[in-house]
2 protein chains.
Amino acid sequence: MSTADRLIDATSELLWERGYTGTSPKAIQRLAGAGQGSMYHHFAGKQDLALAAIRRTAEQMRSAAEADLAGPGTAVERIERYLLRERDALRGCPVGRLTQDPDIVASAELRAPVDELFDWLRARLTSVVEQGRAAGEFEASLDPAAVGAAVAAAVQGGYVLARAAGSAEPFEQAVRGAVSLIRAARS
Amino acid sequence: MSTADRLIDATSELLWERGYTGTSPKAIQRLAGAGQGSMYHHFAGKQDLALAAIRRTAEQMRSAAEADLAGPGTAVERIERYLLRERDALRGCPVGRLTQDPDIVASAELRAPVDELFDWLRARLTSVVEQGRAAGEFEASLDPAAVGAAVAAAVQGGYVLARAAGSAEPFEQAVRGAVSLIRAARS
DNA sequence: GTCTATACCCCGATAGAC
DNA sequence: GTCTATCGGGGTATAGAC
């Protein structure tokens, strides 16, 4: 594995755990086993490295969600598969986490991949709900975009509740609650 | 207004905007218009000041939620009032935000008020759902704790989506989606 | 490509004068 | 109560040798 790859790995890990503001070049170098000069040879600086790490992580999340949502089954089944996928509730979402970082939100460049991921996710969930509605699974009055956003929010909000509690339990409750409400909306 | 109060105000503001890790004593002093010596006279340090600020903010959030949930109306109406209350989606939740701060989660003392607020909120929402179920508003099969957690998560997750998008729109969609799903669960 | 040296500023806190 | 001085350390980056 190349030094550049190890630097990106280390940065992803630290961004997840400590956020952008809380992650220093020195910490990245230590975790990657790379020296100061090495890091600044491969990347222009902290922001450049973070951008590479965020892009890669966002792409991985997109793939994971797509695997749940594009698989076999009815719309309700696919949404349930997305909601009930096993997640490390206490670690939180490696991309959603970044929305709380002032330096990420303040930088158009750093926010872009985060924006694109959640934009895609809401649209993808919305399309599944639309398919379900077209197939007669859901009440016709349901707003697909609103339900899509609510499903994405259940997961992201579940992480917040779990981290506040120091326990995975509230996350599990939130996604189970979302599942039961989705089921209740079937026609 | 006393210097101590201005310091707490400034700290609350900065914790909301920049989090614990991103907030420095110097920035607090500047915003409060207080000197170094003044701050360390009134508070033992950054953590002590943050604790006072977080406790106060959590209490304000609790009051606001209680006002929505204890008011008149059916269970469904009260939950809708909570979900649809006007919020500054792009600023996010001043308490929920702290769950992404590694130093907050790592400190039992700093996490305690955050934990207590969300613990209370989930329990309060759960009790409203229970009341609704007892009154025949909801299907009897609904799990109150799960639905309560899902409602809290819709708001917290809505903030994440809004900040990712740089727009309040996804937040509004998420809470509207939650409302429509709650309505669909009526018996 | 990687190393060490250096720079400049901020962090969080303490000390002691006033 | 508030001020200034001071401290040891880290943040983020550049320079130039190897």
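Please read these numbers as outputs of a predicted model, since none were measured by experiment. In what follows, every heavy atom counts, from backbone to side chain, and hydrogens, waters and symmetry copies are set aside. All chains are named by letter (A, B, ...) in the order of the sequence lines, taking the proteins before the strands, and each is independently numbered beginning at 1.
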(request) Could you check how far CG of Leu49(A) sits from P of dT12(D), rounded to whole Å? (result) 12 Å
(request) Check Leu14(B), Thr11(B), Leu7(B) against Leu31(B) for a side chain to side chain contact (heavy atoms under 4.5 Å, CB included) and give me the one that passes. (result) Leu14(B)
(message) Between Arg183(B) and Glu80(B), is the salt bridge (Lys or Arg N to Asp or Glu O under 4.0 Å) condition met? List the steps.
(response) CA-CA 9 Å; Arg183(B) 287 188 182 162; Glu80(B) 286 187 11; 2.6 Å; yes
(request) For Gly158(B) and Ala153(A), work out which heavy atoms get closest and say how close. (result) N-CB, 3.6 Å
(message) Without decimals, in angstroms, what is the distance between Phe43(A) CZ and dT2(C) C1'?
(response) 15 Å
(request) Only counting residues at least two apart or in another chain, list the ones meeting side chain to side chain donor-acceptor pair (under 3.5 Å) with Glu66(B). (result) Arg124(B)
(request) Starting at atom CG of Asp5(A), determine the distance to atom P of dG1(C), rounded to an integer number of angstrom. (result) 13 Å
(request) Can you establish whether the number of heavy atoms outside Arg91(B) located under 6.0 Å from its atom CZ is more than 12? (result) yes
(request) Figure out the CD/P separation between Gln29(B) and dG1(D), and round it to whole Å. (result) 18 Å
(message) Strictly below 4.0 Å: does Thr3(A) bring a side-chain N or O up to OP1 or OP2 of dT2(C)?
(response) yes
(request) Provide, to the nearest angstrom, the distance between the CZ atom belonging to Arg30(A) and the P atom belonging to dT12(D). (result) 14 Å
(message) I need a per-nucleotide contact map over nucleotides 4-18 of chain C, read 5' to 3'. Cutoff is protein heavy atoms under 4.0 Å; write B for the base, S for backbone only, - otherwise.
(response) B------SSBB----
(request) Using a cut-off of strictly less than 4.0 Å, decide whether His41(A) has a side-chain nitrogen or oxygen near OP1 or OP2 of dC3(C). (result) no
(message) Between Arg176(A) and Asp143(B), does any side-chain N to carboxylate O distance fall below 4.0 Å?
(response) yes
